[in-house]
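Note that ligands are numbered from 1 as they come in the structure, with each ligand's atoms numbered from 1 the same way. Everything numeric here is computed off the predicted structure, so don't read it as measured data.
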Amino acid sequence: MVSLVLPRKIIYNADSLEELLNLSRGYGLKNILIITDKVIRSTDYFKKIEEGLAKNGINVRLYYDISPEPNIETVNNIYEFVKGENIDLIVAIGGGSVIDVSKVLRVKLLRPDLKSEDISPFVSLNLENKFPLLVTIPTTAGTGSDASFAFVLKIKENNYEIKYASGNYDLVPYESILDINFLKTLPKKQLIITAIDGLANDIEGIVSINSNPLSEGIAIQSARMFFKYLPKVVENKDDEESLNYLHLAATLSGIAFSNSGVGLVHAIAHPLGSLFNIPHGMAVAIVMPYVINFNYKDKNAGKMYDEIKIALEQLDGFEIKKNLTEHLLDLYNKIGQPKKLSEIAIDEKTYKSSIDKIADLALRDPDLAFNPISPTIDEIKDILNKIY
Ligand SMILES: [Fe+2]
């Protein structure tokens, strides 16, 4: 069986206020809960949306105390803040953290009997089309969380906070509104690393052993857009056409990877990122070229990578290169993306003494199950040595 799960509607080049008002009129929505963070909340564009909704007779509840790496407690706090208020729409305006919290909150409002930690792909939630609906307005171009069924939140386990990643198809948002006005406020560095994470989701997704022709087609289209439009946006942040395509590429990558899974890049980037406090997109960016070279050994994976390479060269007019890795490194040169850990001030001694631990954790990371080749611990260590 092959299936593809995605939001009911994706609207790009959108005006957030106009789209929220359309939705409210269409469904007769009266009580909206907006979940966002402090930075977004302080922007003029956010205020315009909040005031516009109020002017049109909509009750707006606002929660903006979301940290970059929220935990389950955050969900419980918002639940206490709005329970019993008949919220009929949740609007998540933010990056992956805000959207992930909103997904889990919606489940909590509809299924208070269920512990958030018990949400998994294997429980049947039956929440499709139930109110509150969840609408997302992503403010980064990379997490793809606005189109995916997955979430990552911190939970407490034996006095430690660990990252808990899970998902369920009923968590896929109802609608994703892609409005570049928020994207414009994102610092260039953050724009680059979130976009590279999106591209990694595509590149990992097409070679995943769980991919299918639907997810592959979307991933290839999304990857082409990242290759084409990310350098243009880095060169000129006011290039609205390119910003729109970049935003769309990110959402498409969310659909692709949440239907295919990712692989070895993410399996290594997770422990590397958490042990050395490296942002997820940066860790992914540094690991990716080496994992592509490693996976090229698998004939089918090589063919899939070459589909992106050939599309870039024959359809998009890119210079002919030896393989996809060369195109990726060329992209890094264009956008100023570091290629080695030594370039981002990671101490060599500390890093080298942690390689065994990172390799061990990578080998146990659930994302590894989807990689086209099962690496040995020595092969992972070899990649970890190369990336410094
Ligand atoms: Fe990622």
With Arg41 as the cation and Tyr64 as the aromatic partner, state whether NZ or CZ is under 6.0 Å from the six-membered ring centre and within 45° of the axis.
-> yes

Residue pair Glu85 / Asn59, side-chain heavy-atom distance below 4.5 Å = no

Going by an N to O cut-off under 4.0 Å, is there a salt bridge joining Glu128 and Lys130?
-> no

Give a yes-or-no answer on whether the side chains of Asp179 and Tyr45 include a donor-acceptor pair shorter than 3.5 Å.
-> yes

Please say which of Asn371, Asp365, Asn201 ends up in a side-chain hydrogen bond (donor to acceptor under 3.5 Å, both in side chains) with His266.
-> Asn201

Write out all pairs satisfying side-chain hydrogen bond (donor to acceptor under 3.5 Å, both in side chains) with one or both partners inside residues 104-114, taking only residues at least two apart or from two chains.
-> Arg111-Asp113

Metal environment of the Fe ion (ligand 1), protein N/O/S under 2.8 Å | Asp197 OD1, His266 NE2, His280 NE2

